[in-house]
Amino acid sequence: MIRATDAEGWRARDLEVLWHPCTQMREHPDTLPLIPVAGGEGAWLLGRDGRRYLDAVSSWWTNLFGHAEPRIGAAIAAQARNLEQVILAGFSHAPAVELAEQLLAIAPREAGRAPLAKVFYADNGSAGVEVALKMAFHWFRNRGEDQRTKFVALANGYHGETLGALAVGDVPLYRRVYAPLLAECLFAPSPDAYLAEPGQSPEDCARRAAEALDALLQAHAGEVCAFILEPLVQCAGGMRMHHPLYLRLARDLCDAHGVMMIADEIAVGFGRTGTLFACEQAPAGGIQPDLLCLSKGLTGGFLPLAAALATQSIYEGFLDDSRERAFLHSHSYTGNPLACAAALAALSIFGSDDVLARNRATAARMAALAAPLGSHRHVADLRQTGMIVAFELARDGKRATPFDPGSRVGLRAYRAGLDRGVVLRPLGDILYWMPPYCIDDAQLELLATVTAEVIDEATACA
Ligand SMILES: *Cc1c(COP(=O)(O)O)cnc(C)c1O
C-alpha cells in the first residue's frame, strides 16, 4: 500500500493541525493515505512525493478543463489586480452582472414557460441549495399560503451538508445523526434504474417513481412548497442514474400540484452529462425548473461560487413595501468578483473550445474502455451518463449480494488505485470515472487498465 515518503514532513504537519472533510480522521494515515499535493497540471495532480496522480474524480466533481487551466488563472489574476471583493448589497460590479446575463442566456428553457430571469449568488453548493429552499418556502408565505411548509425530495438524493440542504438529502451516512435537527421533508421513491425489477426498463422505473410522486403530492396537497432533485444522476448517492423521462413526468406533476421544481445541477451541470445542463435531456425539448442550483463546475473548479436561478414570478413574489417580505438571505462573499471572473472565463472556454462535442467523443471512448469491465464477475452494474461512468461492485456480480461493508472493498480499490497513480475515490463499493474534460486517450487507457486491476485486487480477498 502507498506509504509514500514524507521527507518534507507535510503529512505530519497536516495531521497535527488539520481536520479533513468527509473523513474518519482515525484512519489517517495508516488505513487511509494522505497525499500532500504540490500542484496540478491538466488531469494530473502532482504529489509532493514526486508521483503523479490521475484525477479521475475531478477533485470532487469541481474541475472541468484540467488543473491550473491558464485562461481561468489569468482571468482571476487580472480581476484581483482590479477588484477583489465588494459588498453586493447596494453595490454592483461587472463580473456579477455579466455572469448573470450569460447564465440566464444558457439556462434550460422550455417552450411556453417564462424563462429563468434572475440570479442570486451564494458561495458554495449547499448555500445555493439553501437559497432555493428558502425562496420557495418564503414565496408561498408571501402569498399567504402558510401551510406549504414541506419539501419533497428523492430517496437517495444529496444536496449538501448544511442543515437545510441535509434535510432534503437522503444519504443515511451523512444524515442520520443529525435527523433530530432537520426540517421536515417527504421522500419520494427514486427513479433509479438500478432498482429495476426483472423485466422493467429504465422508463418503467421512471413511470413507477412518478406515480409514487403523484400519490405523495396528492396525499400532502397544499402542504408542499417545492420538489427538489438531481436531474439524471444522483451523484453522492452512488452515481445512480435515471431515465430522462422522469424529469418530464416530475415537471408535469409539479405543475399539476402547484409545487415549485428545484433542479440541483450542482454536480451534473456544465456539460457533465453530454448537454450543457441535464434538464435539457428531458423528452419533448427539455424541462425548465422554477429554481436551478449551480456550483462546482461553475468556476471551472477554481473558486467556490454558487448561483440559484429563479423565474420572474418568484422574484416578483418578494417585491413589496415590507422588508420582511424581501429575500434578506446574504453571505459576506455573495457574488465575489474573483469567483465571477473565473466563471466567466470558464463559460468563454465553452464558447471557444467546442467542449460539448469533445465531451461526447470522450464519453464514447469511456464507454468503449469501460465495456469489458462490465462482464467482470464482481461488477453488478456498469452505467454511464455522458462523462460519468460507474462500476457497482458486488459479491456475486448480481445486485442481490453486496459485499460485507466490513471488508471495505471500495477503500481497498481506492488504495490500489493510488498505488498505481490514479485517484478512484469510491462511493461505498461504487467506483466511478468523472474525469476533467481535458482527459486524453492515453490517460483514459491508463484509467481503464488501472480500474480493471484494482477491481481484481480489491475483490480478491473480500
Ligand atoms: C456537491 C453537491 C452539493 C453541495 O455543494 P457543496 O459546494 O459541497 O456545498 C449539492 N448538491 C449536489 C447535487 C452536489 O453534488
Side-chain angles (χ1 to χ4, degrees), residues 20-23 57-64 108 120-136 151-171 173-175 178 182-183 185 187 190-192 226-242 246-247 250 261-273 277-279 289 291-309 329 331 333-336 339 342-343 346 385-388 390 425-428 430 432 434:
H20 288 263
C22 207
T23 300
V57 301
S58 295
S59 285
W60 257 343
W61 325 336
T62 58
N63 191 283
L64 297 189
F120 194 100
Y121 291 116
D123 49 17
N124 64 75
S126 306
V129 168
E130 302 277 342
V131 165
L133 297 174
K134 285 176 71 179
M135 272 182 185
F151 296 102
V152 173
L154 286 182
N156 195 42
Y158 178 87
H159 302 285
E161 301 287 340
T162 55
L163 292 175
L166 202 57
V168 292
D170 184 44
V171 178
L173 184 61
Y174 308 131
R175 179 191 165 94
Y178 303 105
L182 302 178
C185 181
F187 289 97
S190 171
D192 185 352
F227 168 62
I228 183 167
L229 87 167
E230 298 160 89
L232 297 189
V233 187
Q234 296 188 300
C235 292
M239 300 298 165
R240 293 295 187 80
M241 300 172 185
H242 56 257
Y246 185 75
L247 302 177
M261 182 183 210
I262 304 174
D264 177 352
E265 293 224 18
I266 288 169
V268 296
F270 299 103
R272 187 53 77 176
T273 65
F277 297 106
C279 284
L291 288 158
L292 174 67
C293 300
L294 303 173
S295 189
K296 291 202 168 106
L298 173 58
T299 61
F302 271 64
L303 284 170
L305 179 68
L309 277 57
H329 187 101
H331 296 285
Y333 283 97
T334 299
N336 173 254
T385 299
M387 286 196 58
I388 307 173
R425 191 185 160 93
L427 294 157
I430 297 154
Y432 64 91
M434 194 158 167

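All values derive from a computational prediction rather than experimental measurement. One-based numbering, in listed order, for ligands and for the atoms of each. For the numbers below, each heavy atom of this structure counts, side chains included, while hydrogens, waters and symmetry mates do not.
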Which side-chain N or O atoms in residues 291-298 pair as donor and acceptor under 3.5 Å with protein atoms at least two apart or in another chain?
from: Ser295; atom 1: OG; to: Gly125; atom 2: N; distance (Å): 3.3
from: Ser295; atom 1: OG; to: Leu305; atom 2: O; distance (Å): 2.7

- Task: Answer yes or no: is there a donor N or O on one side and an acceptor on the other, between the side chain of Thr299 and the main chain of Ala339, under 3.5 Å?
- Result: no
- Under 4.0 Å from ligand 1 - residues by heavy atom, chain and number: Trp61, Asn124, Gly125, Ser126, Tyr158, His159, Gly160, Glu230, Asp264, Ile266, Ala267, Lys296
- Side-chain H-bond candidate by donor/acceptor type, Arg272 with Thr385, under 3.5 Å: no
- Message: With a sphere of 6.0 Å drawn around CZ of Phe120, does it hold more than 12 non-hydrogen atoms of other residues, nucleotides or ligands?
- Response: yes
- Task: Report the residues that fulfil salt bridge (charged side-chain N to carboxylate O under 4.0 Å, His left out) with Arg240, sequence neighbours left out, ordered by chain and then residue number.
- Result: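 With neighbours one apart ignored, the set is Asp192, Glu392.
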- All ring-ring contact (aromatic ring centres under 6.0 Å, His included) counterparts of Phe277, not counting sequence neighbours: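 For Phe277, the residues satisfying ring-ring contact (aromatic ring centres under 6.0 Å, His included) (neighbours in sequence not counted) are Phe270.
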